[in-house]
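Just so we're on the same page: letters track the sequence lines, and every chain starts at 1. Remember, predicted model here, so these are calculated numbers, not experimental data.
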Protein chains: 2
Amino acid sequence: MSHIKLLKTSDLKATPQRLCVLDTLENCGHATLEQIEKITKEKFPTLSLSTIYRNLNEMVEKDIISEVKIAKKPHYEIKKEKHIHLYCKSCDTIWDFQSDTNAFIDKIENEANCKILNDVIHFEILCTNCLK
Amino acid sequence: MSHIKLLKTSDLKATPQRLCVLDTLENCGHATLEQIEKITKEKFPTLSLSTIYRNLNEMVEKDIISEVKIAKKPHYEIKKEKHIHLYCKSCDTIWDFQSDTNAFIDKIENEANCKILNDVIHFEILCTNCLK
DNA sequence: CTAAATGCAAAGCATTTGCAAATAT
DNA sequence: ATATTTGCAAATGCTTTGCATTTAG
């Protein structure tokens, strides 16, 4: 879905500021607030920090983006298909990875005798490039 | 290992303030800074907030305790055997759970062609009690 | 045209720091 | 005896908020 539609569907106006933040996340995959501020201000020097804060919070609430508690500081990403995160400690990159977690989740549900609603699965890794 | 030994092994003096924080974590399992402040000050009214901050940071650095990025605010726990976290959204309790994750980790390593160094596995759940 | 969003400045919290006094070893 | 730790107060830094102005729809 286009970013414009994404915003409108959530009753948010498609302002240039919001589109700039979403473009940044689209390009980066994941970014911290500081990274978002730096990158967006290159293209949009008048964009204020409080607007970034407000928009990130609003878009998290509206479920357009999500906050990923990984690495040193929280990172933001546009919501997409379910995936796990691989964080390479060597090159400091966060990789999205899709894998079937159903068997593992079932195993935990059975062992712990609980109902799993949601999962957060992060691995600290050395990525393919860094292993060479 | 006793808390006193734990601290001394890490070149930290076994002050009553540190022991009080460790006792609190031992009793609670997991606690936020606010919870630690509240509980420790009951037993130790003169304990200052900056001491709590300093000690939590130092003990995380020395690997005596760890910060768990789960629920609304980070929680602290005394380091122990590897485990995953189950967070019951209904009763707001964090449960430690031990399960064999090797097969799952191997699967990811193979699929993603990477070396996994560490993992963070949290599930949001409804626990046995809350399911009744 | 109007409600929503923005930018700026100020306010509000959370966390850290400097330092003199106290304390563990 | 001494280096470490503590408590306090001040400083810092991050995040939110109030409000006049602008803007998307």
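- The C1' atoms of five pairs define one axis at each end of the helix from C:dC1-D:dG25 to C:dT25-D:dA1, and these two axes lie 50° apart (to 10°).
- Under a cut-off of 6.0 angstrom, the local environment of NZ in B:K115 is sparse, with at most 12 non-hydrogen atoms contributed by other residues, nucleotides or ligands.
- Within residues 46-74 of chain B, the residues that place at least one heavy atom under 4.0 Å from DNA chain D are, in residue-number order, B:T46, B:L47, B:S48, B:S50, B:T51, B:R54, B:N55.
- As a whole-Å value, the separation of B:K41 NZ from D:dC8 P is 9 Å.
- In terms of the side chain to side chain contact (heavy atoms under 4.5 Å, CB included) criterion, residue partners of A:C28 (sequence neighbours excluded) are, by chain and number, A:T24, A:A31, A:I39.
- Only A:L12, A:K13, A:T15, A:Q17, listed by number, bring a heavy atom of residues 10-17 of chain A to less than 4.0 angstrom from any atom of DNA chain C.
- A salt bridge links A:E111 and A:K107; the closest N-O separation between the charged side-chain nitrogens and carboxylate oxygens is under 4.0 Å.
- B:F44 has its CZ atom 15 Å from the P atom of C:dA22, to the nearest Å.
- In this structure, A:A14 and A:L19 approach most closely via the heavy-atom pair O-CD1, 3.9 Å.
- Side-chain atoms of A:D100 come within 3.5 Å of backbone N or O of A:N102 as a donor-acceptor pair.
- The side chain to side chain contact (heavy atoms under 4.5 Å, CB included) search around A:N113 returns B:T128, not counting sequence neighbours.
- Salt bridge annotation for B:D119-B:K82: present, with a cationic side-chain nitrogen under 4.0 angstrom from a carboxylate oxygen.
- Remark: P of D:dA24 and CG of A:L7 are 13 Å apart, rounded to the nearest angstrom.
- In this structure, A:H85 has its ring center under 6.0 Å from that of A:H30.
- Rounded to an integer number of Å, the gap from B:L19 CG to D:dT5 C1' is 13 Å.
- Qualifying side chain to side chain contact (heavy atoms under 4.5 Å, CB included) partners for B:K80, counting only residues two or more places apart in sequence or in other chains: B:E77, B:H83, B:D96.
- Electrostatic pairing of A:K62 and A:E58 does not count as a salt bridge here, judged by no charged N lying under 4.0 Å from a carboxylate O.
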